[in-house]
Amino acid sequence: MTVAAKALRAEKPVDPEYVLRLFVSGLTSRSQRAIANLKIICERHLAGRYRIEVVDLHQSPGLARDEQIIATPTLLRVQPLPQRRVIGDLSQADKVLQGLDIQ
């Protein structure tokens, strides 16, 4: 890498990576709808800057207690801090973006 390329790379701000964890209860139609809606929202607003983790509470019930999940689907923004959460099937993109504080 040339010195100019290194300088240009150093000046370019690095966008934060969003880590989003979606808690679902099995593969119900509501869970599948939430997963699909989240993927659409992320591709439109966070393209290349996100990672989605889907947690099925039927397979990992202890995580519900650890993360204080009381309803599903629940979306948790893990990164960047502070954590934020949204409950529901994520069908209203504007409310999801507002709830997660994503511009």
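Numbers here are sequence positions counted from 1. Source: prediction; values computed, not measured.
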Residue set satisfying side-chain contact (heavy atoms from CB on, under 4.5 Å) with Val54, at least two apart, ordered chain then number -> Val24, Ile35, Ile52
Taken in chain and number order and not counting sequence neighbours, the residues that satisfy side-chain contact (heavy atoms from CB on, under 4.5 Å) with Asp101 are Arg77, Arg84, Gln103
| said: Starting from Val86, can I reach Phe23 by hopping between I/L/V/M/F/W/Y residues whose side chains sit under 4.5 Å apart? | reply: no
Closest non-hydrogen contact found for Tyr18 with Ile102 is CE2-CG1, 3.8 Å
For Ile69 and Thr72, the nearest pair of non-hydrogen atoms, with its separation, is CG2-CG2, 4.3 Å
For the residue pair Arg51 and Glu17, establish whether any side-chain heavy-atom pair is separated by less than 4.5 Å.
-> yes
Here the gap from Arg65 atom CZ to Leu57 atom CG, rounded to the nearest 0.5 Å, amounts to 11.5 Å
d(Arg85 CZ, Arg21 CZ) to nearest 0.5 Å is 10.5 Å
Contacts of Ile87 meeting side-chain contact (heavy atoms from CB on, under 4.5 Å) (sequence neighbours excluded), chain-then-number -> Ala71, Thr74
**Asked** More than 12 heavy atoms of other residues, nucleotides or ligands under 6.0 Å from CD1 of Ile70: is that the case?
**Response** no
Would you give me the side-chain donor-acceptor pairs under 3.5 Å for residues 41-48, sequence neighbours excluded?
residue: Glu43; atom: OE2; partner: Tyr50; partner atom: OH; Å: 2.4

With sequence neighbours left out, the residues meeting side-chain hydrogen bond (donor to acceptor under 3.5 Å, both in side chains) with Thr28 are Ser31
Tightest non-hydrogen contact, residues Ala34 and Leu90, listed as O-CD1, 3.6 Å
d(Glu53 CD, Leu75 CG) to nearest 0.5 Å is 11.0 Å
Of all heavy-atom pairs linking Ser60 and Val55, the shortest is CB-CG1, 4.3 Å
Practice task
Report yes if the side chains of Gln32 and Leu27 come closer than 4.5 Å at any heavy-atom pair, otherwise no.
Solution key: yes
Heavy atoms of Leu76 and Gln83 approach each other most closely as CD1-OE1, 3.7 Å
Arg33 meets the side-chain hydrogen bond (donor to acceptor under 3.5 Å, both in side chains) criterion, sequence neighbours left out, with Asp89
Interatomic distance, CG@Leu38 vs OG@Ser91, rounded to 0.5 Å, equals 12.5 Å
